[in-house]
Amino acid sequence: MSQVQRHPLAAQAAEVLLSHIRAGRWALGHKLPGETTLAAQLGVGRSTLREAIRELSGRGVLESRQGAGVFVTALDVTEDWDTVLRRADIVTVIEARIAIETEAAALAASRRTPADLRALWRTLSARAEAGATAERLVDADTDFHRTVVTAAHNDILTQLFDAFVPRLRRAMVEMLRIRPVADARADNRAHEELVEAIRARDATAAATASRAHLTALAAAFVD
């Protein structure tokens, strides 16, 4: 095992440990060697090793379990959403939306309440009446899709949607300015079909409608 060569030792020890986890030396859920053994392998003192473990525990990679030892809980450090999304291209983000919203639409069909249906019809109507400006249409469309996700009654899906969609707004607005919706009636009808499927509690139809719409959106950015 590589040993730490430079200071600060704890930070270096943490990076060496992380590099070995990334390389597969310890699998997910695997218990690390004992403190004395691991410190010797890294060439640091036990107090330095403990600090390195605390650092990686704070980053979600390791977990110290009282009386059991230290275990691998992730194979890499998770980056924050802003960093990830800044690097992602628009089509990649829409593909992630497909995964999120298709499942959300299916769940909404199973779990929607009368209040959810009222909100869906209200946001659908607002979307149809948003007017010709790209900004207003994008914002109304986002509000509608968020209402679908909210109707799934899954807070994690809602938070994922809220993380992804703001990154798309500018690109969506710019695309609509260059290439306005060719058939507004057909576009509105596609959204109506999604609401109808949710109203009918048809999870398969809801997922299909959501996927078809978002797949067409992704294709528009490629063309």
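Everything numeric here is computed off the predicted structure, so don't read it as measured data.
By the 4.5 Å heavy-atom criterion applied to side chains, L157 and L107 are counted as neighbours. Using a 4.5 Å cut-off on side-chain heavy atoms (C-beta onward), F71 and S64 make no contact. In this structure the side chain of L160 reaches within 4.5 angstrom of the side chain of I156, judged on heavy atoms. When side chains are defined from C-beta on, R136 counts as touching T133, because their heavy atoms get closer than 4.5 Å. Counting heavy atoms from C-beta outward, T208 and T204 have side chains that approach closer than 4.5 Å.
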Show, in sequence, the C-alpha distance, side-chain angles and deciding distance for R146 and D162, and conclude whether the salt bridge (charged side-chain N to carboxylate O under 4.0 Å, His left out) test is met.
CA-CA 8 Å; R146 190 182 191 280; D162 288 344; 2.8 Å; yes

Quick one, R112 with E196, criterion salt bridge (charged side-chain N to carboxylate O under 4.0 Å, His left out). Give me CA distance, side-chain angles, the key distance, then yes/no.
CA-CA 12 Å; R112 58 82 175 162; E196 285 290 351; over 6 Å; no

Using side-chain contact (heavy atoms from CB on, under 4.5 Å), reason through T92 and R97 one step at a time and then give a plain yes or no.
CA-CA 9 Å; T92 299; R97 277 190 62 186; over 6 Å; no

List the steps, then state whether side-chain contact (heavy atoms from CB on, under 4.5 Å) holds for V70 with E63.
CA-CA 6 Å; V70 179; E63 180 183 23; over 6 Å; no

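V149 and L214 fall within the same hydrophobic cluster, where Ile, Leu, Val, Met, Phe, Trp and Tyr residues are linked whenever their side-chain heavy atoms come under 4.5 Å apart, directly or through other members. Under the 4.5 Å side-chain heavy-atom criterion for ILVMFWY residues, no single connected hydrophobic cluster contains both L137 and L194. With hydrophobic clusters built from ILVMFWY side chains whose heavy atoms lie under 4.5 angstrom apart, F161 does not share a cluster with I198.
In this structure, a donor-acceptor pair under 3.5 Å is present between the side chains of T113 and D116.
A salt bridge links R127 to D187: at least one charged side-chain nitrogen sits closer than 4.0 Å to a carboxylate oxygen. Electrostatic pairing of E129 and R122 does not count as a salt bridge here, judged by no charged N lying under 4.0 Å from a carboxylate O.
Separation of atoms CG (L124) and CG (L117) is listed at 11.5 Å; rounding is to 0.5 Å.
Ring geometry for H20 versus W26: interplanar angle over 60°, hence perpendicular rather than tilted (30 to 60°).
In summary, the aromatic rings of H191 and F144 are positioned with their centroids under 6.0 Å apart.
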